[in-house]
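Below: the structure, in structure tokens.
Values below: all heavy atoms of this structure, side chains included; hydrogens, waters and symmetry mates excluded.
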Amino acid sequence: MGALKAMFSFFTMIRLDITQDDMDAMDRRFWMVPIVGALYGLIAAVLMFTLTEFITPLPAAVVTFFVIFAFNRFLHIDGTIDVGDGLVVAGTREDHLRALKDTRIGAGGMAFALMIILMSITMTSSLWMLSLVAPFFLFSSEILAKLGMVSAAAFGEPGSGMAGNSVRNTKLSSLILAAILAVILIVISVGAVVYILDTFTDLTVTLPEHYVAFLAVPLIVSIFTGMVMSSIAKKNFGMVNGDVLGATNEITRVTALLTFLIMLSVI
């Protein structure tokens with residue numbers, strides 16, 4: 001429980017009475033972070049579903065992601081901006097690292113974060129117009145975003161910052177546990193979404209014909225995204241720190257949503 005207390009206190013606006021032991025537990029059990037993703041997924045799915053009863057999907061997605069980012073205190077967006085600044089600067093690894101840690105916001109970081117945000121919003125609104133089970137996709141994307149973070153930590157080199165111990169303690173076995181946990185959470189969400197839509201709406205909901213593929217492929221893509229982010233971070237910064245993990249969360253959400261969109265088009 002200590003690990004979850006620390007995770008919810010650190011990754012959300014929820015303020016809990018945590019100790020150093022709780023923080024240490026979070027570092028040792030970072031694989032449990034998809035549970036935090038499930039909370040974000042629930043908030044996003046319910047808010048998006050409610051708003052689209054009154055407004056069209058695009059503005060509903062804008063409001064939904066603003067709430068999600070605010071609930072996270074814009075922590076991951078800040079990391080995305082920092083990573084964007086660090087990647088676009090020219091020079092040696094030290095130059096990249098200096099830009100990553102610079103508190104000022106550069107054009108590269110701002111543009112990088114803006115494009116990630118726009119892709120999340122537009123793909124969510126597109127999914128909402130294409131599929132009756134879009135709440136499932138949105139819920140799942142938040143869980144998979146956290147799985148991407150675990151993947152980046154598992155394959156990354158730890159730094160000396162706050163996230164260093166989380167990265168240091170996250171191994172391949174941790175990634176396997178996180179993937180299993182993500183599958184369990186997503187499968188549970190399927191039954192919940194179908195039940196809610198069947199019970200409280202006039203819609204007749206059926207799962208996609210290739211449901212297993214809709215679960216397996218985005219899962220693999222999310223793990224691969226984390227691997228790529230860790231590789232990019234190692235090349236440019238020599239480590240995976242909290243900024244890289246935050247950027248990985250945002251980018252993995254995009255790759256998961258994009259995968260769902262592509263699969264809806266081709267399957």
Side-chain angles (χ1 to χ4, degrees), residues 2-16 18-37 39-40 68-69 71-87 93-94 96-103 109 112-113 116 142-175 177-179 181-182 222-223 225-253:
L4 286 177
K5 281 176 58 181
M7 287 178 185
F8 279 109
S9 183
F10 186 77
F11 290 111
T12 73
M13 293 183 68
I14 301 172
R15 283 292 164 261
L16 301 174
I18 60 173
T19 65
Q20 185 59 47
D21 288 340
D22 296 329
M23 294 298 294
D24 292 340
M26 179 182 73
D27 291 333
R28 293 192 304 270
R29 299 180 177 88
F30 192 60
W31 61 269
M32 297 175 68
V33 75
I35 296 176
V36 180
L39 172 63
Y40 277 101
I68 291 297
F69 297 148
F71 193 61
N72 182 245
R73 307 185 315 278
F74 298 93
L75 182 66
H76 295 326
I77 293 299
D78 179 68
T80 304
I81 293 172
D82 289 341
V83 169
D85 281 335
L87 290 178
R93 176 180 290 180
E94 287 70 25
H96 289 288
L97 194 56
R98 191 179 303 111
L100 174 74
K101 295 183 177 182
D102 194 335
T103 57
F112 185 64
I116 295 297
E142 292 295 333
I143 295 174
L144 295 175
K146 294 297 186 286
L147 178 62
M149 291 175 63
V150 178
S151 178
F155 292 102
E157 295 292 332
S160 57
M162 285 187 62
N165 286 332
S166 292
V167 176
R168 190 172 294 108
N169 286 283
T170 304
K171 310 298 182 184
L172 181 59
S173 58
S174 305
L175 177 58
L177 289 172
L181 179 60
S222 299
I223 293 173
T225 302
M227 291 174 59
V228 171
M229 286 298 295
S230 69
S231 177
I232 293 173
K234 182 177 182 180
K235 178 181 178 181
N236 289 276
F237 312 125
M239 64 173 183
V240 168
N241 68 351
D243 288 330
V244 173
L245 292 180
T248 300
N249 182 91
E250 300 305 305
I251 293 171
T252 305
R253 181 198 294 116

Considering the options L172, I223, T248, which one meets the side chain to side chain contact (heavy atoms under 4.5 Å, CB included) requirement together with S151?
I223
Report the distance from atom [atom1] of [X] to atom [atom2] of [Y], rounding to the nearest 0.5 Å.
| X | Y | atom1 | atom2 | value |
| --- | --- | --- | --- | --- |
| T170 | R29 | OG1 | CZ | 12.0 Å |
| D27 | S166 | CG | OG | 3.5 Å |
| M26 | L4 | CE | CG | 11.0 Å |
| D78 | E250 | CG | CD | 11.0 Å |
| M23 | K5 | CE | NZ | 12.0 Å |

Test item: [X] and [Y] side chains (from C-beta on) under 4.5 Å apart, heavy atoms:
| X | Y | result |
| --- | --- | --- |
| I14 | F71 | yes |
| I68 | R253 | yes |
| I18 | F10 | no |
| L181 | I35 | yes |
| L100 | N241 | yes |
| I81 | I77 | yes |
| T80 | D243 | no |
| M229 | F155 | no |

Is there a donor-acceptor contact under 3.5 Å from the side chain of [X] to the main chain of [Y]?
| X | Y | answer |
| --- | --- | --- |
| N169 | N165 | yes |
| N236 | I232 | yes |
| D82 | G109 | no |
| S174 | K171 | yes |
| R15 | S9 | yes |
| R168 | R28 | no |
| T252 | N249 | no |
| N72 | H76 | yes |

Which atom pair, heavy atoms only, marks the closest approach of [X] to [Y]?
| X | Y | result |
| --- | --- | --- |
| G84 | F112 | CA-CD2, 3.6 Å |
| A163 | L245 | CB-CD1, 4.0 Å |
| D22 | A6 | O-CB, 3.4 Å |
| G37 | E142 | O-CB, 3.3 Å |
| P158 | G164 | CB-O, 3.5 Å |
| M239 | V244 | O-CG2, 4.3 Å |

Angle class for the H96/F237 ring planes (parallel below 30°, perpendicular above 60°, tilted otherwise)?
perpendicular
Apply side chain to side chain contact (heavy atoms under 4.5 Å, CB included) to the pair F11 and V33, showing each step before the final yes or no.
CA-CA 9 Å; F11 290 111; V33 75; 3.9 Å; yes
Determine, stepwise, if the pair L97 / K101 fulfils side chain to side chain contact (heavy atoms under 4.5 Å, CB included).
CA-CA 6 Å; L97 194 56; K101 295 183 177 182; 4.0 Å; yes
Full working for side chain to side chain contact (heavy atoms under 4.5 Å, CB included) between D24 and Q20:
CA-CA 6 Å; D24 292 340; Q20 185 59 47; 3.0 Å; yes
Cation-pi, Y40 ring and K146 (6.0 angstrom, 45 degrees):
yes
